[in-house]
Engineer: 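Below you'll find the structure I mean.
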Amino acid sequence: MTIVANREQVSSPIKMRIFAVHNAVLAAVLVWVVEVHVLGIHLGIRFGTGTATTLGLAQIIGVSLMVSLAGWALLSFMERRVSRAATLWTLIAVGVVLASLALPLTATTSTTAMIGLIVMHLLVGAGSIPFMYRSSATRSARTA
């Protein structure tokens with residue numbers, strides 16, 4: 001299933017940001033379904049010597065929703081206080097995605113879980129960051 005949005009469908013910054021959040025959650029859910037139900041990957045994580053935890057759909061939806069909404073809030077805040085907010089926000093967002101890779105690299109219970117979570121993190125970022133950037137009022141004001 002492919003979802004395509006043209007400029008008219010997501011013309012306002014709010015619609016574009018809702019679309020970005022939607023993309024983040026949808027990417028996470030689709031990746032989880034493929035990895036867990038199609039490929040049979042056990043997405044387990046363990047912090048230190050604690051017990052292993054399996055990541056379920058609720059955690060995947062919750063974290064992707066929370067992180068994308070936090071990105072929206074940060075971009076809105078920065079647009080009111082920082083010049084070139086869209087560019088700076090994009091650098092921060094990419095940095096957060098890269099930093100988030102520390103979890104799969106250090107806390108997963110298997111190599112397949114590590115690869116699966118890395119793919120998920122990258123696709124969530126790729127599904128939301130470009131749309132948040134394009135929605136920026138500061139970017140739109142410069143290009144108009």
Engineer: Any chance you could measure Thr112, atom OG1, to Leu39, atom CG, to the nearest 0.5 Å?
Structural biologist: 9.5 Å
Engineer: Return yes if a side-chain donor-acceptor contact under 3.5 Å exists between His42 and Thr54, otherwise no.
Structural biologist: yes
Engineer: Ala85 and Leu75: which non-hydrogen atoms are nearest, and at how many Å?
Structural biologist: O-CD1, 4.3 Å
Engineer: What heavy-atom pair brings Gly125 and Pro130 nearest, and what distance separates the two atoms?
Structural biologist: O-CD, 3.8 Å
Engineer: Please tell me if the side chains of Val36 and Leu57 come closer than 4.5 Å, counting only heavy atoms from C-beta onward.
Structural biologist: no
Engineer: To check you understand the geometry: which heavy-atom pair defines the closest contact between Ser128 and Ala20, and what is its length?
Structural biologist: CB-O, 3.4 Å
Engineer: Output the distance between atom OG1 (Thr87) and atom CE (Met78), rounded to the nearest 0.5 Å.
Structural biologist: 9.5 Å
Engineer: Would you say Trp89's side chain and Ser76's backbone share a donor-acceptor pair under 3.5 angstrom?
Structural biologist: no
Engineer: Do you reckon Val29 sits in the same ILVMFWY cluster as Ile18, going by side-chain contacts under 4.5 Å, direct or chained?
Structural biologist: yes
Engineer: With clusters defined by side-chain heavy atoms of hydrophobic residues (ILVMFWY) lying less than 4.5 Å apart, directly or transitively, does Trp32 cluster with Leu103?
Structural biologist: yes
Engineer: Nearest 0.5 angstrom please: Met120 CE to Ile115 CD1, how far?
Structural biologist: 13.5 Å
Engineer: Please check if any side-chain donor atom of Arg46 sits under 3.5 Å from a side-chain acceptor atom of Thr109, or the reverse.
Structural biologist: no
Engineer: Main chain of Leu65, side chain of Ser68: is a donor-acceptor contact present, judged purely on distance under 3.5 Å?
Structural biologist: yes
Engineer: Measure across Ile45 and Leu55 and return the closest heavy-atom pair with its distance rounded to 0.1 Å.
Structural biologist: CD1-CD2, 3.9 Å
Engineer: Among Leu26, Val33, Val34, find the one that has a side chain to side chain contact (heavy atoms under 4.5 Å, CB included) with Leu30.
Structural biologist: Leu26
Engineer: Nearest 0.5 Å, what's the CG-CG distance between Leu74 and Leu88?
Structural biologist: 8.0 Å
Engineer: Following the transitive rule for hydrophobic clusters with a side-chain heavy-atom cut-off under 4.5 Å over Ile, Leu, Val, Met, Phe, Trp and Tyr, establish whether Ile41 and Val63 coincide in one cluster.
Structural biologist: no
Engineer: Side chains of Val124 and Val31: does their closest heavy-atom pair fall under 4.5 Å?
Structural biologist: no
Engineer: Between atom CZ of Arg17 and atom CG of Leu69, what is the distance when rounded to the nearest 0.5 Å?
Structural biologist: 12.0 Å
Engineer: Measure across Trp72 and Val21 and return the closest heavy-atom pair with its distance rounded to 0.1 Å.
Structural biologist: CE3-CG2, 3.8 Å
Engineer: Can Thr90 and Met132 be said to form a side chain to side chain contact (heavy atoms under 4.5 Å, CB included), step by step?
Structural biologist: CA-CA 8 Å; Thr90 302; Met132 289 285 189; over 6 Å; no
Engineer: Side chains of Ile129 and Val94: closer than 4.5 Å at any heavy-atom pair?
Structural biologist: yes
Engineer: Is a donor on one side and an acceptor on the other found under 3.5 Å between the side chain of Gln59 and the backbone of Gly56?
Structural biologist: yes
Engineer: What are the two closest heavy atoms between Pro104 and Ser100, and how far apart are they?
Structural biologist: CD-O, 3.2 Å
Engineer: Is there a path of hydrophobic side-chain contacts, each under 4.5 Å between heavy atoms of I/L/V/M/F/W/Y residues, joining Val25 to Met66?
Structural biologist: no
Engineer: Are Phe131 and Leu91 connected in a single hydrophobic cluster, I mean Ile/Leu/Val/Met/Phe/Trp/Tyr linked by side-chain heavy atoms less than 4.5 Å apart?
Structural biologist: no
